[in-house]
There are 2 protein chains.
Amino acid sequence: MAARLDEMDRKILAALQEDASLSLDEIARRVSSSKTPVWNRIRRMKESGVILRTTALLDAEALGLEACFFVLVRTSEHDAGWQGKFLQVLQSRPEVLEAHRLAGDIDYILKVRVKNARAYDTFYQALISEVRIYNVTALLSMEEIKSTTILPLALAAD
Amino acid sequence: MAARLDEMDRKILAALQEDASLSLDEIARRVSSSKTPVWNRIRRMKESGVILRTTALLDAEALGLEACFFVLVRTSEHDAGWQGKFLQVLQSRPEVLEAHRLAGDIDYILKVRVKNARAYDTFYQALISEVRIYNVTALLSMEEIKSTTILPLALAAD
DNA sequence: GGTGAAAGAAATAGGTT
DNA sequence: AACCTATTTCTTTCACC
């Protein structure tokens, strides 16, 4: 599944992760190439799914979304029906930014972004009313000390 | 600190979160306006820091970064010196995608993206050799069931 | 806030090594 | 097969209404 990328592909990805609004000319300059090959490589990486999409990152605090919780979920039900329903609830809730199924005694972790603690409680009540959950621990973030979408390409090399 | 945004600003942000490569014409069409006001609003929101940057989101699995850990950190040291050093280590490590200081008995949570469990161990050994840490629990993600950078603008409204 | 023209960038075609 | 040059088309930017 891992796409084979050469050094130039990685440099292009690094530039696009840093700033997706760079012009082809500027990217070409940075990777010591010219527009056409860079354009072809980007197109290929979009088609192959290495580049998922390009997005504007917003400041949650500036938008008034001042609370962030990590939610540790334990369940006693592990059948497909329950899991499907749980997944559907997570997908339908825009305040759930991330959800992972875990190995070990905690079953799921969620990252939830809301306006305040009250809004989190509204989410929590909705969640437990829609699916049976054995145990929930909410970790409240006091400070986001690092937040990046930039994947470490250097560590990805084969 | 929360910027005041009207309905049109929010619609523009929604479009840009979904696809930052949309043309001004297309965004203007979607928000039932024309290029100039949309362009001015985007510029204002960039200047005011509501829009942080635009980035290409990549597929971590396709790049061979197949392991994701959430790391719960407890420390016994809470002085500024320790905290500064810890922060510096997190910032310098590209595999740390997120780090939050928490309320409650767990002090920090990290999200760490690496190639495999061995690469995580390398990171872990480096971390504990650079700063004193009382207790670490690593939660291994088996499956990313949701992952979005799209903030819920509807829930952000005053 | 709208219009439109000038500048700039993206997308593609055709030729080159 | 990958790159370079040139052309067309689309987009951004900005002065003016």
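Below, read A as the first sequence line, B as the second, and so on, with proteins coming before strands; counting in each chain starts at 1. For clarity, every value in this text was computed on a predicted model and none was experimentally measured.
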Is any NZ, NE, NH1 or NH2 atom of the basic residue among [X] and [Y] found under 4.0 Å from an Asp or Glu carboxylate oxygen of the other?
X	Y	value
B/Glu47	B/Arg43	yes
B/Arg41	B/Asp6	yes
B/Arg132	B/Glu77	yes
B/Glu18	B/Arg30	yes
A/Arg101	B/Glu144	no

Give the first and the last nucleotide of DNA chain D, reading 5' to 3', that has any atom under 4.0 Å from a heavy atom of chain A.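 Boundary nucleotides touching chain A, in 5' to 3' order, are D/dC3 to D/dT5.
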Could you please spell out the steps behind the side-chain hydrogen bond (donor to acceptor under 3.5 Å, both in side chains) verdict for A/Ser21 and A/Asp19? CA-CA 5 Å; A/Ser21 70; A/Asp19 183 356; 2.6 Å; yes
B/Trp82 vs B/Phe86 aromatic rings, parallel, tilted or perpendicular, using cut-offs 30° and 60°?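 If you compare the ring of B/Trp82 with that of B/Phe86, the planes turn out parallel.
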Among residues 18-42 of chain B, which contact DNA chain D at a heavy-atom distance under 4.0 Å?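 The stretch gives B/Leu22, B/Ser23, B/Leu24, B/Lys35, B/Thr36, B/Trp39 as the residues lying under 4.0 Å from the strand, ordered by number.
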Base-pairing string, 5' to 3', of DNA chain D - Watson-Crick or wobble, under 3.5 Å, | interstrand: |||||||||||||||||
Taking the side chain as every heavy atom from C-beta outward, state whether B/Ile109 and A/Ile109 have any atom pair closer than 4.5 Å.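 In short, these two side chains touch, coming nearer than 4.5 Å.
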Is the gap between the ring centers of B/Phe70 and A/His100 under 6.0 Å?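 Judged by ring-centre distance (under 6.0 Å), B/Phe70 and A/His100 do meet the cut-off.
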Please check if A/Ile150 and A/Leu13 belong to a single hydrophobic cluster, counting links between Ile, Leu, Val, Met, Phe, Trp and Tyr side chain heavy atoms closer than 4.5 Å.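 No; tracing contacts between hydrophobic side chains, which count when under 4.5 Å, never links both residues.
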